[in-house]
Amino acid sequence: MEVFSFLDQIDLSGMIIHPFCTHEGSGLGNSVQAFANEYPELMVTKGLAIRGSRANKADQAIFDWLTTQD
């Protein structure tokens, strides 16, 4: 909800959201769809979910994700 509160306060025209998170089993959940539903003016890209217990070994996954974003 903190992210939505922040987004409600700024001009989203032309913005792109690159969602990412750490988790212990839920992945991104419905976050990507929630962004798209709540803020249809945003472009929401494919997100990245890293299991928290593996975050210290996620360098390559993060690099690959960052370099494939539009």
Side-chain angles (χ1 to χ4, degrees):
M1 296 314 297
E2 291 83 8
V3 173
F4 288 133
S5 295
F6 170 74
L7 293 175
D8 286 341
Q9 298 176 33
I10 62 173
D11 179 12
L12 301 175
S13 303
M15 294 264 185
I16 301 171
I17 295 284
H18 302 283
F20 62 94
C21 71
T22 59
H23 67 91
E24 283 306 324
S26 62
L28 285 166
N30 67 352
S31 299
V32 174
Q33 189 60 47
F35 281 128
N37 290 344
E38 187 72 21
Y39 306 102
E41 67 275 27
L42 285 175
M43 177 192 297
V44 182
T45 64
K46 180 180 177 191
L48 174 68
I50 300 289
R51 186 173 288 276
S53 60
R54 297 182 186 145
N56 63 335
K57 298 175 184 168
D59 295 358
Q60 189 63 52
I62 294 167
F63 178 82
D64 292 346
W65 178 71
L66 289 171
T67 57
T68 60
Q69 297 302 304
D70 292 332

### Query
Do V3 and I17 pass the side-chain contact (heavy atoms from CB on, under 4.5 Å) test, and can you show the C-alpha distance, the side-chain angles, and the key distance before you say yes or no?
CA-CA 11 Å; V3 173; I17 295 284; over 6 Å; no
### Task
Give the C-alpha distance, both sets of side-chain angles, the deciding distance and a yes or no for side-chain contact (heavy atoms from CB on, under 4.5 Å) between R51 and E24.
CA-CA 5 Å; R51 186 173 288 276; E24 283 306 324; 3.7 Å; yes
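Considering every non-hydrogen atom in both C21 and G27, the closest pair reads SG-O, 3.6 Å. Residues A61 and I50 come closest through the heavy atom pair CB-CD1, 4.1 Å.
Both L7 and L28 belong to a single network of hydrophobic side chains, linked directly or stepwise wherever heavy atoms of I, L, V, M, F, W or Y lie under 4.5 Å apart. Two different hydrophobic clusters hold V32 and L48 under the rule that ILVMFWY side chains link at heavy-atom gaps under 4.5 Å. Clustering ILVMFWY residues whenever any of their side-chain heavy atoms sit less than 4.5 angstrom apart, transitively, puts F20 in a cluster other than the one holding F6.
Partners of F4 according to the ring-ring contact (aromatic ring centres under 6.0 Å, His included) rule, which considers only residues two or more places apart in sequence or in another chain, are F35, Y39.
Taking CE from M15 and CG from L42, the interatomic distance works out to 8.0 Å, rounded to the nearest 0.5 Å. Here the OG1 atom belonging to T67 is positioned 11.5 Å from the CD1 atom belonging to I62, to the nearest 0.5 angstrom.
Residues near F63 contribute nothing to a hydrophobic cluster around it, because no ILVMFWY side-chain heavy atom sits closer than 4.5 Å to its side chain.
One N or O on the side chain of W65 and one on the backbone of K46 form a donor-acceptor pair closer than 3.5 Å.
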